[in-house]
Novice: 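Below you'll find the structure I mean.
Values reported hereafter were calculated over all heavy atoms of this structure, with side chains retained and with hydrogens, waters and symmetry mates removed.
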Amino acid sequence: VDTVRTNNSAVVEELTPALLNLGDIQKVLQNLLRERVSIRDLTTILETLADHARATKDTDHLTEQVRQALFRSITKAHLSPDNAIHAVTLDPRLEQVLIGAVHRGEGGAFLALEPRMAQKVITALSRQIETLSRQGYAPLILCSPAVRLYFKRLIEKLLPNLTVLSYNELDPKTEIQSSGAVTVGDENTAV
């Protein structure tokens, strides 16, 4: 923290303690590290926190904002040798189901998905990951920003090393190659 203060003193003074306390900043940094997102660009991280902490103190939401601000380094970390991102996507209907299952409580927002539906999602995801792995690419899921955190939490106990990114965390110039989409249900039925 002292190194952070020395190298980024102006933004740290703006940020703490008026907008966020050091514990909140530490939690955002831990959230990033837990998902193997580099925290080397502290200037961008702290500036993003300062920009968004006026609107919310929710460290999960702030972490998502920081992830989006770090899109260049996140993209670079996941580029394949052919300079593309190879990923499995989520079917838009599934994303709508997941968004509908997000509940907000006093402790923050959480995903309240019926266990049978959660199992269907995990099964469909496992099939898609297997296909991507057979093609020689590291498993990576790409979804909308509204779903990313909740989907990651849904699968992290079973697949803790699976990378889940949102479209907003990738450089817009990056080519995205989808090997398939995670779907549940049949073609004629909404998820």
Side-chain angles (χ1 to χ4, degrees), residues 1-79 85 87-90 92 94-113 140-157 159-174 176:
V1 174
D2 289 334
T3 305
V4 171
R5 280 196 177 124
T6 304
N7 296 337
N8 301 288
S9 60
V11 73
V12 170
E13 286 176 20
E14 176 188 352
L15 189 56
T16 62
L19 297 175
L20 289 176
N21 63 46
L22 288 177
D24 291 334
I25 296 169
Q26 182 178 8
K27 185 166 183 186
V28 169
L29 295 173
Q30 288 171 334
N31 287 345
L32 294 168
L33 290 172
R34 184 177 305 113
E35 290 195 56
R36 298 178 313 277
V37 174
S38 173
I39 61 170
R40 287 180 186 226
D41 187 358
L42 280 174
T43 301
T44 298
I45 293 169
L46 295 173
E47 287 174 352
T48 303
L49 289 175
D51 290 345
H52 293 278
R54 286 174 176 70
T56 183
K57 306 295 184 230
D58 181 335
T59 55
D60 287 335
H61 178 76
L62 291 170
T63 301
E64 294 302 301
Q65 294 301 314
V66 169
R67 289 176 63 99
Q68 291 176 28
L70 295 172
F71 72 93
R72 285 182 188 88
S73 63
I74 289 175
T75 301
K76 186 177 178 181
H78 297 287
L79 276 179
I85 297 286
V88 170
T89 59
L90 297 185
L94 174 57
E95 286 197 1
Q96 288 303 313
V97 168
L98 295 173
I99 289 169
V102 173
H103 293 279
R104 300 189 192 306
E106 288 181 27
F110 61 94
L111 186 65
L113 197 60
L140 190 146
I141 305 302
L142 195 54
C143 60
S144 71
V147 171
R148 196 211 74 79
L149 176 63
Y150 307 109
F151 189 74
K152 176 63 179 174
R153 287 186 176 160
L154 172 67
I155 56 120
E156 72 186 338
K157 288 186 178 155
L159 303 163
N161 295 321
L162 183 62
T163 301
V164 179
L165 300 178
S166 80
Y167 295 102
N168 290 5
E169 295 171 353
L170 296 177
D171 188 321
K173 300 173 197 157
T174 304
I176 298 171

Novice: Can you name the salt bridge (Lys or Arg N to Asp or Glu O under 4.0 Å) partners of R36, sequence neighbours left out?
Specialist: none
Novice: Sequence neighbours excluded, which residues qualify as salt bridge (Lys or Arg N to Asp or Glu O under 4.0 Å) partners of R34?
Specialist: none
Novice: Return the orientation label for the F110 and H103 ring planes: parallel under 30°, perpendicular over 60°, tilted otherwise.
Specialist: tilted
Novice: Find the distance between CG (L33) and CD1 (I39) and round it off to the nearest 0.5 Å.
Specialist: 4.0 Å
Novice: Go through the structure and list residues passing salt bridge (Lys or Arg N to Asp or Glu O under 4.0 Å) with D58, not counting sequence neighbours.
Specialist: none
Novice: What pair of heavy atoms forms the shortest contact from L90 to C143, and how long is it?
Specialist: CD1-CB, 3.6 Å
Novice: Hey, are the side chains of L62 and L20 touching, using non-hydrogen atoms and a 4.5 Å cut-off?
Specialist: yes
Novice: Output the distance between atom CG (L46) and atom CD1 (I25), rounded to the nearest 0.5 Å.
Specialist: 6.0 Å
Novice: Apply the salt bridge (charged side-chain N to carboxylate O under 4.0 Å, His left out) test between E169 and each candidate in K152, R72, R67; give the one that qualifies.
Specialist: R67
Novice: Identify the two heavy atoms, one from A53 and one from L19, that lie closest to each other, and give their separation to 0.1 Å.
Specialist: CB-CB, 3.9 Å
Novice: Could you check whether atom NZ of K57 has more than 12 heavy atoms from other residues, nucleotides or ligands sitting under 6.0 Å from it?
Specialist: yes
Novice: Who pairs with P145 by side-chain contact (heavy atoms from CB on, under 4.5 Å), at least two apart in sequence or on another chain?
Specialist: Q68, S166, N168
Novice: Once side-chain contact (heavy atoms from CB on, under 4.5 Å) is applied, do any residues pair with T174, and if so which ones, sequence neighbours excluded?
Specialist: T75, L79, I85, D171
Novice: What's the shortest heavy-atom distance between A109 and V102, and which atoms?
Specialist: CB-CG1, 4.0 Å
Novice: Nearest heavy-atom pair of T16 and N21: which atoms, and what distance?
Specialist: CG2-C, 4.3 Å
Novice: Closest approach of L29 and L42, non-hydrogen atoms and distance?
Specialist: CD2-CD2, 4.1 Å
Novice: For residues S38 and R40, report the shortest heavy-atom separation together with the two atoms involved.
Specialist: OG-N, 3.2 Å
Novice: Using the rule side chain to side chain contact (heavy atoms under 4.5 Å, CB included), only one of I141, L140, V88 pairs with L162; which is it?
Specialist: I141
Novice: Could you pull out all residues at least two apart from E47 that satisfy salt bridge (Lys or Arg N to Asp or Glu O under 4.0 Å)?
Specialist: none
